[in-house]
Amino acid sequence: QVQLVESGGALVQAGDSLRLSCVASGRAFSDYAMGWFRQAPGKEREFVASIRWGGSSTFYADSVKGRFAISGDNAKNTVYLQMNSLKPEDTAVYYCAASRYSRGTIYSGQYDYWGQGTQVTVSS
């Protein structure tokens with residue numbers, strides 16, 4: 001059974017940093033890409049960042065470029081999202097996802113597995 005379990009969400013202040021983790025289990029993900037998405041109340045789920053499981057290629061949404069960094073630890077089957085200089089508009093539930101499109105994709109419909117989400121709230 002494939003599982004993606006996120007953790008690390010919290011209530012923080014604007015300008016703070018936070019690191020989210022996603023532990024993957026249940027199958028081999030070496031040929032997958034991993035992504036982070038987020039969904040704010042009343043808004044659609046949006047792409048944040050993606051990485052090829054080998055970590056050789058990353059891609060970011062313009063809204064987070066330069067502030068967020070995605071990385072992976074193959075030995076731990078874990079993907080991270082380091083979030084710096086957080087803004088109130090970053091408030092959302094953050095989801096980890098895995099895609100068979102191994103080069104990564106920004107489209108949520110091309111992700112096969114999803115975690116349950118972790119809440120990030122940034123106060124002003």
Pair Y95, V48 - check side-chain contact (heavy atoms from CB on, under 4.5 Å), show working. CA-CA 9 Å; Y95 297 90; V48 175; over 6 Å; no
Using side-chain contact (heavy atoms from CB on, under 4.5 Å), reason through Y60 and S50 one step at a time and then give a plain yes or no. CA-CA 7 Å; Y60 298 92; S50 67; over 6 Å; no
List the steps and the verdict of side-chain contact (heavy atoms from CB on, under 4.5 Å) for S21 and K76. CA-CA 11 Å; S21 300; K76 296 181 178 180; over 6 Å; no
Go through the steps to decide whether S57 and R103 satisfy the test side-chain contact (heavy atoms from CB on, under 4.5 Å), and finish with yes or no. CA-CA 7 Å; S57 177; R103 295 192 176 191; over 6 Å; no
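R45 places no side-chain N or O within 3.5 Å of a backbone atom of Q39 that could act as its donor or acceptor partner. Between the side chain of S99 and the backbone N or O of Q110, at least one donor-acceptor pair lies under 3.5 Å. No donor-acceptor pair under 3.5 Å is formed between the side chain of Y113 and the backbone N or O of C96. For T118 (side chain) and G9 (main-chain N/O), a donor-acceptor pair under 3.5 Å exists by modelled atom type. Side-chain N or O atoms of N77 include none that pairs as donor or acceptor with a backbone N or O of V23 at under 3.5 Å. Without hydrogens or angle criteria, S123 side chain to V12 main chain gives a donor-acceptor distance under 3.5 Å. Judged by distance alone, with hydrogens and angles left aside, the side-chain atoms of R67 form a donor-acceptor pair with the main-chain N or O of S85 at under 3.5 Å.
By the side chain to side chain contact (heavy atoms under 4.5 Å, CB included) test, S108 is found to be paired with F37, W114, residues two or more places apart in sequence or in another chain being considered. Judged as a side chain to side chain contact (heavy atoms under 4.5 Å, CB included), and not counting sequence neighbours, the contacts of T121 are L11, T91, Q119. For F68, there are no ring pair (Phe, Tyr, Trp, His ring centres under 6.0 Å) partners, not counting sequence neighbours.
Note: the hydrophobic cluster containing M34 does not contain Y111 (ILVMFWY, side chain heavy atoms under 4.5 Å, direct or indirect links). Note on V5 and V93: separate hydrophobic clusters, where clusters join Ile, Leu, Val, Met, Phe, Trp and Tyr whose side-chain heavy atoms are under 4.5 Å apart, directly or indirectly.
Side-chain contact between Y94 and L81: present, with at least one pair of heavy atoms (C-beta onward) separated by less than 4.5 Å. Counting only heavy atoms from C-beta outward, the side chains of F29 and L4 approach each other to under 4.5 Å. Proximity of L86 to L18: side-chain heavy atoms (C-beta onward) are separated by under 4.5 Å at one or more points. Side chains of Y80 and D73 form a contact here, defined as non-hydrogen atoms less than 4.5 Å apart. Side-chain contact between V120 and M83: present, with at least one pair of heavy atoms (C-beta onward) separated by less than 4.5 Å. Residues Q82 and S71 form no side-chain contact, since every pair of their non-hydrogen atoms from C-beta on lies 4.5 Å or further apart. By the 4.5 Å heavy-atom criterion applied to side chains, F47 and F59 are counted as neighbours. The closest side-chain heavy-atom distance from V122 to E89 is not below 4.5 Å.
Between D62 and K65 a salt bridge is recorded (basic side-chain N to carboxylate O distance below 4.0 Å).
Sequence neighbours left out, the pairs with a member in residues 111-122 that pass salt bridge (Lys or Arg N to Asp or Glu O under 4.0 Å) are R100-D112. Among pairs with a residue in residues 27-36, those fulfilling salt bridge (Lys or Arg N to Asp or Glu O under 4.0 Å) read R27-D31, at least two apart in sequence or across chains. Listed by first then second residue, pairs satisfying salt bridge (Lys or Arg N to Asp or Glu O under 4.0 Å) with a partner in residues 2-25 number zero, not counting sequence neighbours.
Scanning all heavy atoms of the two residues, the minimum distance from P88 to S124 falls at CG-CB, 3.8 Å. Residue Y107 comes nearest to T105 through the heavy atom pair N-OG1, 3.1 Å, listed as atom of the first residue, atom of the second, then distance. Across every non-hydrogen atom of S102 and R52, the tightest pair is O-CG, 3.0 Å.
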